[in-house]
Every structure is written in C-alpha cells, then in structure tokens.
A.B. asks: 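Below you will find the structure I want to go over with you.
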Amino acid sequence: MRPSVARQSEMPGPKVYSLWWGDRTIPKQKGVVEYTISAYRAKAAPHMLRNYLFNGYRRLSGELVFWLIPFGMGYGIYTWAKKTDAYHHSKAAHVAAGVEHD
C-alpha cells in the first residue's frame, strides 16, 4: 500500500502559485503590490448623515412607487372588506335579505 501516491495524484504541478491546501512550500510571488491607507486618514464617516439625506432620498424616492401602489391596493381591499363584513353582520343587511331571526 502506497498512501503517498494517492495523496499526490491530484496535486497541481510546480507552475502554479497555490499548490495545495496547507502546502507551505509555495514560492515567493512576484509582482504583487498592496497599498493601504491609514485608519486615521480614511475618514470613513465624516459626512455620513449629509450623504444619507441626499443620496438616501434619491434612492428611496425611486423605490416609493413600488411600495405605495401595492400598499394602497392592499389598504383599499382591507377597508372594503371590513366595511362589507360589518354590513353583512348588521341588522340592516339581515332585513334587506329578508332573513328572520327567532
């Protein structure tokens, strides 16, 4: 039994940088440059509220139509159903339908 053959059967060749999971014999990569900025220089949120007021208003106003139309239709159906249900359970509806109660 040769477990090393099974372990190395699907390993990539030496022409790739990322050889295998956990393999520490990776050659030094060339041409990779990382640029960072200081956390004190980034200023992530100095104008967050002002930007939200203008940009948030622009974004929400674009979506408002897609929220108001279904909400208005749903509210209209709800009020119509409540009014119809109240009428059907009232004395006037029973008298109009000719239903006699004991």
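Note that the structure is a prediction, hence the values are computed from the model and not measured.
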A.B. asks: Examine Val65 and Met73 and state if one hydrophobic cluster contains both, with Ile, Leu, Val, Met, Phe, Trp and Tyr joined whenever side-chain heavy atoms are less than 4.5 Å apart.
C.D. replies: yes

A.B. asks: Could you state the interatomic distance from OH (Tyr57) to CG (Leu64), rounded to the nearest 0.5 Å?
C.D. replies: 8.5 Å

A.B. asks: Over all heavy atoms of both residues, which pair between Ala93 and Tyr87 is shortest? Give the atoms and the distance, please.
C.D. replies: CB-O, 2.8 Å

A.B. asks: When you measure from the side chain of Thr84 to the backbone of Ala81, do you find a donor-acceptor pair of N or O atoms at a distance under 3.5 Å?
C.D. replies: no

A.B. asks: To the nearest 0.5 Å, tell me how far Leu49 CG sits from Phe54 CZ.
C.D. replies: 10.0 Å

A.B. asks: Should the pair Tyr75 and Tyr78 be assigned to parallel (<30°), tilted (30 to 60°) or perpendicular (>60°) ring geometry?
C.D. replies: tilted

A.B. asks: Ignoring hydrogens, what is the shortest heavy-atom contact between His94 and His88? Give both atom names and the distance.
C.D. replies: NE2-O, 3.3 Å

